[in-house]
Student: 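First the structure, then my questions, so here it is.
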There are 2 protein chains.
Amino acid sequence: MTNTKTDPRILRTRKLIMDAFMELSGKKEFKDITVKDITAEAMINRATFYYHFEDIYDLLEKVLSEVLLVNLDCDYFQDNELNEESLVKIFLAITNFQKSLSNRCHRGYEDTIARIIREQLEVVFYKMLLNQRNKEADDALRITAVILSWGIYGASVEWRRDDKGMTPEEFIKLAIPFIISGANF
Amino acid sequence: MTNTKTDPRILRTRKLIMDAFMELSGKKEFKDITVKDITAEAMINRATFYYHFEDIYDLLEKVLSEVLLVNLDCDYFQDNELNEESLVKIFLAITNFQKSLSNRCHRGYEDTIARIIREQLEVVFYKMLLNQRNKEADDALRITAVILSWGIYGASVEWRRDDKGMTPEEFIKLAIPFIISGANF
DNA sequence: GTGTATGTGTTGGATATCCGACACATTGAA
DNA sequence: TTCAATGTGTCGGATATCCAACACATACAC
């Protein structure tokens with residue numbers, strides 16, 4: 001679709017920056033990471049960083065959404081319908097993603113992370129709803145996707161707070177009947 | 001001394017190529033590795049490879065000597081004298097290097113590898129001899145370094161062939177009295 | 001033989017990256 | 001307060017890297 005190939009230098013440099021950022025995230029907290037740290041680790045010039053990202057928060061956002069996208073295995077969900085099985089898979093992807101995040105210290109940026117997760121979920125849900133509704137009722141599907149994304153994300157927050165020792169599967173399956181009837185599909 | 005800083009892009013690209021080559025060396029034999037493989041793994045253009053290396057054999061040579069140099073810990077030996085302790089250390093560095101090589105399959109290039117090891121040894125020995133002889137008798141020291149490099153390399157070959165289960169330390173220590181009297185220092 | 005495919009090595013023009021400098025903000029010590 | 005040190009973000013000119021070709025070689029099938 002997008003027929004314009006992106007320059008391989010751009011792909012390589014973005015990867016170098018993102019890898020460097022993830023490497024540093026394992027060593028110190030986000031608030032202590034500077035642009036200079038990242039560019040030194042990535043072996044690129046500081047000016048080049050700003051060629052690709054607005055600032056360090058822009059980088060955080062893009063790294064997180066990219067990692068989450070890999071977890072979400074978009075290629076799989078892209079062509080699938082929204083049912084119990086796919087909902088469970090998505091929920092597992094989120095809880096796994098948050099577990100991997102808790103190792104890397106991004107304290108103080110929970111809000112940003114939450115927003116990113118929710119936005120990605122919304123896109124995925126919308127695509128899946130489009131698949132099974134044949135491109136009709138666009139606005140209704142979009143709003144449904146919004147509601148589902150907030151709901152599923154909230155469920156993941158609740159699951160982490162919960163100390164009854166349920167697995168993510170057990171947890172989300174309790175709610176699925178209500179979600180499905182509520183979303184009306 | 002060399003006051004001309006090299007462009008960071010050059011350092012980065014050379015590192016990417018060398019890392020890619022070592023990564024591929026773990027997966028297939030040297031004879032099956034193509035320039036295209038390397039440049040794809042390194043995320044650089046094929047033309048850029050030829051900007052840095054004459055061909056794939058040139059790369060092999062430079063990778064090997066760089067890895068060996070790290071093993072040899074040049075900064076340490078550079079300012080030290082040639083005695084039993086340093087000889088043992090050098091011998092250990094060589095045997096370790098060859099052990100790490102045997103994991104990466106470079107069958108059919110033993111001759112190239114041997115030559116590289118010997119050349120590096122010669123440089124190191126020559127520097128150490130210069131340290132303790134105060135820059136006198138240049139040619140004599142150079143020839144002594146040649147003889148020592150061949151001798152020590154040969155000893156490492158013999159040690160690998162030997163099946164009496166001696167450690168490298170035990171092995172080289174047996175010969176040291178003769179080496180020292182022979183080299184006349 | 002004649003294709004077809006894959007790898008090597010080279011070239012000239014386009015482009016991402018580097019450098020050095022700049023202005024500005026923040027922080028901590030004198 | 002003032003000063004020094006450090007980080008941020010931007011800019012124009014220099015340079016490493018990319019691309020799209022190209023000629024050539026090898027190998028393998030028909």
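All of these numbers come straight from a predicted model, not from anything done at the bench. We name chains A, B, ... by the order of the sequence lines, and we start the count at 1 in each one.
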Student: Let me know, please, whether A:F49 or A:P8 comes out on the 5' side of the other along DNA chain D by nearest nucleotide.
Tutor: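 That would be A:F49.
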
Student: What integer distance in Å separates A:K31:NZ from C:dT26:P?
Tutor: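 For the pair A:K31 NZ and C:dT26 P, the rounded distance is 18 Å.
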
Student: Rounded to the Å, how far apart are A:D55 CG and D:dT8 C1'?
Tutor: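 Going from A:D55 (CG) to D:dT8 (C1'), I get 10 Å.
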
Student: CD1 of B:I33 versus P of C:dT6: gap in Å, rounded?
Tutor: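 Taking CD1 of B:I33 and P of C:dT6, I get 20 Å after rounding.
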
Student: Using whole Å, report how far CG of B:L24 lies from P of C:dG7.
Tutor: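 It works out to 13 Å between those atoms.
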
Student: Closest to the A:T13 side chain: C:dT17, C:dT8, D:dG9?
Tutor: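 My answer, after comparing the listed nucleotides, is C:dT17.
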
Student: Going by modelled atom types, is there a donor-acceptor pair between the base of C:dT17 and the side chain of A:R9 at under 3.5 Å?
Tutor: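 No such pair is found, so the answer is no.
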
Student: Pick base, sugar-phosphate or nothing for B:I44, based on heavy-atom distances below 4.0 Å to the nucleic acid.
Tutor: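 Sugar-phosphate, no base atom in range.
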
Student: How long is the straight-line distance from CG of B:D19 back to CE of B:M22, given to the nearest 0.5 Å?
Tutor: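 Answer for the CE-CG pair, B:M22 versus B:D19, is 5.0 Å.
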
Student: Closest approach to the side chain of A:Y51, judged atom by atom: which nucleotide of C:dC19, D:dC18, C:dA16 is it?
Tutor: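 Nearest nucleotide to the side chain: C:dA16.
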
Student: Taking the side chain of B:D7 as heavy atoms from C-beta outward, which of D:dT8, C:dG9, D:dA16 is closest to it?
Tutor: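 In terms of side-chain proximity for B:D7, the closest of D:dT8, C:dG9, D:dA16 is D:dA16.
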
Student: Return yes if a side-chain donor-acceptor contact under 3.5 Å exists between B:T39 and B:R46, otherwise no.
Tutor: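 Judged by distance alone, the side chains do not pair up.
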
Student: Compare the minimum distances between each of D:dT17, C:dC19, D:dT8 and the side chain of B:T48, then state the nucleotide with the smallest one.
Tutor: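 Minimum distance to the B:T48 side chain belongs to D:dT17.
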
Student: Judged by modelled atom types alone, do B:N45 and B:T48 share a side-chain donor-acceptor pair under 3.5 Å?
Tutor: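 Judged by distance alone, the side chains do not pair up.
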
Student: Using atom CZ of B:R46 as one end and atom P of C:dT6 as the other, report the distance to the nearest whole Å.
Tutor: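 Whole-Å distance recorded here is 14 Å.
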
Student: For B:Y50 and D:dC22, give me the distance from atom OH to atom P, rounded to whole Å.
Tutor: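 It works out to 19 Å between those atoms.
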
Student: Which listed nucleotide (C:dT17, D:dG9, D:dT17) is nearest to the side chain of B:H52?
Tutor: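 Closest of the options to the side chain of B:H52: D:dT17.
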
Student: D:dT10 C1' sits how many Å from A:N45 CG, rounded?
Tutor: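 One finds 12 Å between C1' of D:dT10 and CG of A:N45, rounded.
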
Student: Take atom CD1 of B:I10 and atom P of C:dC19, then tell me their distance rounded to the nearest Å.
Tutor: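 Whole-Å distance recorded here is 11 Å.
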
Student: Parallel, tilted or perpendicular for B:F30 and B:F21, by the 30°/60° rule?
Tutor: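 Ring orientation of B:F30 relative to B:F21: perpendicular.
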
Student: Contact class for B:R12 (heavy atom, under 4.0 Å): base, sugar-phosphate, or nothing?
Tutor: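 Touches sugar-phosphate only.
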
Student: Once you measure the plane-to-plane angle for A:W159 and A:F91, does it fall in the parallel (<30°), tilted (30-60°) or perpendicular (>60°) bin?
Tutor: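 The arrangement is perpendicular - the two ring planes meet at more than 60°.
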
